[in-house]
Amino acid sequence: MKFGVLVFPGSNCDHDTHHVVDAIAQQPVTYLWHASEDLQGCDAILVPGGFAYGDYLRTGAIARFAPVMQAVSRFARNGGLVMGICNGFQILCEAGLLPGALMRNASQNYICKQTYLRTETADSPFTHGLSKGQVLQMPIGHMEGNYFCDAETLAALKQQDRIAFRYSTTEGEITAAANPNGSLENIAGVLSEGRNVLGIMPHPDRSSETLLGSADGLLLFQSMAQSLAAAQ
């Protein structure tokens, strides 16, 4: 099984993500260039954080039309595993692979800090190694991480158990104070209808080694690897 890490002009977490999969999770991984539709036989795709195409026009709006994203969209619609982190989450929403949108932070400021996330579901290829209610520590670094969707979409996310993570206190309480960016109902990550696509605003790639203050993010990569192994 092989992971692919997308590379756009402006990506700044592609090497971080590659490092985690290669050196920490010890799984085969390759870079996938934005101008190519060749996914090189990858079994899972990682859309990293950064500022794809400089975030010009609107975050993720230009990247959504990159040749590689046309291939990723086909891959995802055929059941392939895709995880978008931060800017990657924004791109997946723009591409229609995830519902909702990421708006400017309620504070109108760029925010870079440690956050805590409560695991809302263990029923996905990305979270099956976690326990429902388990609290993870991961950092954020974004200007537009304020998740929003309409009432009908929110109801569907709840009914279908597709809210993956919510910002919380260290004890797992969902409070306004624990919400760093104004996200609707503290939502920090959501799943697609097929549960094979995850968008998460905090960075598991920046929290996969204890040297960085937390290794909790590694659990998501390990869950993906285990899911792929079980499917083979």
Side-chain angles (χ1 to χ4, degrees), residues 1 3 5 13 16-17 19-21 23-27 29 43-49 76 79-86 88-89 92 97-100 113-140 145 147 157-175 178-180 183-232:
M1 56 190 174
F3 287 75
V5 178
C13 295
D16 306 59
T17 306
H19 168 75
V20 171
V21 177
I24 311 302
Q26 298 185 344
Q27 300 296 325
V29 59
D43 303 290
I45 303 298
L46 302 170
V47 191
L81 293 191
V82 180
M83 178 165 70
I85 303 168
C86 195
F89 187 1
L92 293 179
L97 295 177
L98 289 172
K113 61 182 287 188
Q114 290 287 342
T115 63
Y116 293 93
L117 314 176
R118 189 177 75 186
T119 306
E120 298 296 285
T121 181
D123 181 19
S124 83
F126 314 93
T127 60
H128 73 84
L130 305 174
S131 301
K132 183 178 173 64
Q134 184 173 349
V135 177
L136 309 178
Q137 180 181 336
M138 293 185 199
I140 58 171
Y147 183 79
L157 289 174
K158 290 179 175 180
Q159 182 181 10
Q160 298 166 14
D161 191 31
R162 289 167 50 203
I163 298 174
F165 299 99
R166 280 190 168 97
Y167 297 108
S168 74
T169 65
T170 55
E171 293 78 26
E173 297 176 353
I174 307 302
T175 67
N179 188 336
S183 285
L184 180 68
E185 294 203 7
N186 286 48
I187 292 174
V190 298
L191 294 160
S192 64
E193 286 190 36
R195 312 189 79 78
N196 61 305
V197 180
L198 170 71
I200 180 170
M201 215 50 211
H203 282 267
D205 51 309
R206 296 180 182 174
S207 52
S208 289
E209 300 175 78
T210 54
L211 179 67
L212 301 177
S214 171
D216 291 345
L218 182 60
L219 297 171
L220 276 68
F221 295 102
Q222 290 175 331
S223 288
M224 291 181 71
Q226 292 163 6
S227 296
L228 290 171
Q232 290 187 340

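Residues take their numbers from the sequence shown, with the count starting at 1.
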Student: Can you confirm whether M224 sits close enough to P125 that some side-chain heavy atom of one is under 4.5 Å from a side-chain heavy atom of the other?
Tutor: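 No, their side chains stay 4.5 Å or more apart.
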Student: Is E171 atom CD crowded by more than 12 heavy atoms from other residues, nucleotides or ligands, each under 6.0 Å away?
Tutor: yes
Student: Kindly indicate, with the supporting measurements, whether the criterion side chain to side chain contact (heavy atoms under 4.5 Å, CB included) is fulfilled by S192 and L98.
Tutor: CA-CA 5 Å; S192 64; L98 289 172; 4.0 Å; yes
Student: Sequence neighbours excluded, which residues qualify as side-chain contact (heavy atoms from CB on, under 4.5 Å) partners of Q27?
Tutor: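 side-chain contact (heavy atoms from CB on, under 4.5 Å) check on Q27 returns M1, F3, V21, A25, A225.
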Student: Can you tell me how far OG1 of T127 sits from CG of L198, rounded to the nearest 0.5 angstrom?
Tutor: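 Rounded to the nearest 0.5 Å, the CG-OG1 separation comes out at 8.0 Å.
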Student: Output yes when K132 and D123 qualify as a salt bridge under the 4.0 Å nitrogen-oxygen rule, no when they do not.
Tutor: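 A salt bridge is absent here (no side-chain N lies under 4.0 Å from a carboxylate O).
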Student: Say whether, by atom type as modelled, one donor and one acceptor occur between the side chain of D16 and the main chain of R206 under 3.5 angstrom.
Tutor: no
Student: Do any N or O atoms from the side chain of N186 and from the backbone of Y167 form a donor-acceptor pair under 3.5 angstrom?
Tutor: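 Yes: the side chain of N186 pairs with the backbone of Y167.
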Student: Whether the side chain of R195 engages the backbone of D161 through a donor-acceptor N/O pair (distance < 3.5 Å, no angle test) should be reported.
Tutor: yes
Student: Are the side chains of L228 and L81 in contact, using a 4.5 Å heavy-atom criterion?
Tutor: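 They are in side-chain contact.
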Student: Where the side chain of T17 meets the backbone of P48, is there a donor-acceptor pair that is under 3.5 Å apart?
Tutor: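 Between the backbone of P48 and the side chain of T17 there is no qualifying donor-acceptor contact (under 3.5 Å).
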Student: Go through the steps to decide whether E173 and R118 satisfy the test salt bridge (Lys or Arg N to Asp or Glu O under 4.0 Å), and finish with yes or no.
Tutor: CA-CA 8 Å; E173 297 176 353; R118 189 177 75 186; over 6 Å; no
Student: Heavy-atom distance under 4.5 Å between the side chains of V190 and L157, does that happen here?
Tutor: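 Heavy-atom side-chain distance check passes, below 4.5 Å.
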Student: Can you tell if the side chain of V135 reaches within under 4.5 Å of the side chain of S168, non-hydrogen atoms only?
Tutor: yes
Student: Please evaluate residues F221 and F126 with respect to the criterion side chain to side chain contact (heavy atoms under 4.5 Å, CB included), reporting the C-alpha separation (whole Å), side-chain torsions for both, the decisive distance (0.1 Å), and the verdict.
Tutor: CA-CA 7 Å; F221 295 102; F126 314 93; over 6 Å; no
Student: Decide side chain to side chain contact (heavy atoms under 4.5 Å, CB included) for L117 and R166; before the verdict, give the C-alpha distance in whole Å, the side-chain angles of both, and the deciding distance to 0.1 Å.
Tutor: CA-CA 5 Å; L117 314 176; R166 280 190 168 97; over 6 Å; no
Student: Could you tell me whether a side-chain N or O of S183 sits under 3.5 Å from a main-chain N or O of G145, the two making a donor and an acceptor?
Tutor: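 Looks like yes, one N/O pair under 3.5 Å.
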Student: Can you tell me how far the OG atom of S227 sits from the CG atom of D43, to the nearest 0.5 Å?
Tutor: 12.0 Å
Student: Between E120 and R162, is the closest basic N to carboxylate O distance under 4.0 Å?
Tutor: no
Student: Check whether any side-chain heavy atom of F165 lies under 4.5 Å from a side-chain heavy atom of L130, and answer yes or no.
Tutor: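 They are in contact (side-chain heavy atoms under 4.5 Å apart), so the answer is yes.
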Student: Mind checking whether P202 and T115 have side chains closer than 4.5 Å, heavy atoms only?
Tutor: yes
Student: Between L220 and I200, is any pair of side-chain heavy atoms under 4.5 Å apart?
Tutor: yes
Student: What are the two closest non-hydrogen atoms of L191 and P99, and how far apart are they?
Tutor: O-CD, 4.4 Å
Student: Looking only at non-hydrogen atoms, find the nearest pair between H128 and S223 and report the distance.
Tutor: NE2-O, 2.9 Å
Student: Go through the steps for I85 and V47 under the test side chain to side chain contact (heavy atoms under 4.5 Å, CB included), then give the verdict.
Tutor: CA-CA 6 Å; I85 303 168; V47 191; over 6 Å; no
Student: Quick one: side-chain contact (heavy atoms from CB on, under 4.5 Å) partners of Q137, sequence neighbours excluded?
Tutor: Q114, Y116, S214, D216
Student: Mind checking whether M138 and H203 have side chains closer than 4.5 Å, heavy atoms only?
Tutor: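 Result no, sub-4.5 Å side-chain heavy-atom pair not found.
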Student: Provide the closest heavy-atom pair for S208 versus I24 in the form atom of the first, atom of the second, distance.
Tutor: O-CG2, 3.7 Å
Student: Has the side chain of N196 got a donor or acceptor atom that lies under 3.5 Å from a matching backbone atom of V82?
Tutor: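 Judged by distance alone, no pair lies under 3.5 Å.
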Student: Heavy atoms only: give me the nearest S207-P139 pair and the separation to one decimal.
Tutor: CB-CD, 3.8 Å
Student: Got a donor-acceptor contact below 3.5 angstrom from the S131 side chain to the Q134 backbone?
Tutor: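 Between the backbone of Q134 and the side chain of S131 there is no qualifying donor-acceptor contact (under 3.5 Å).
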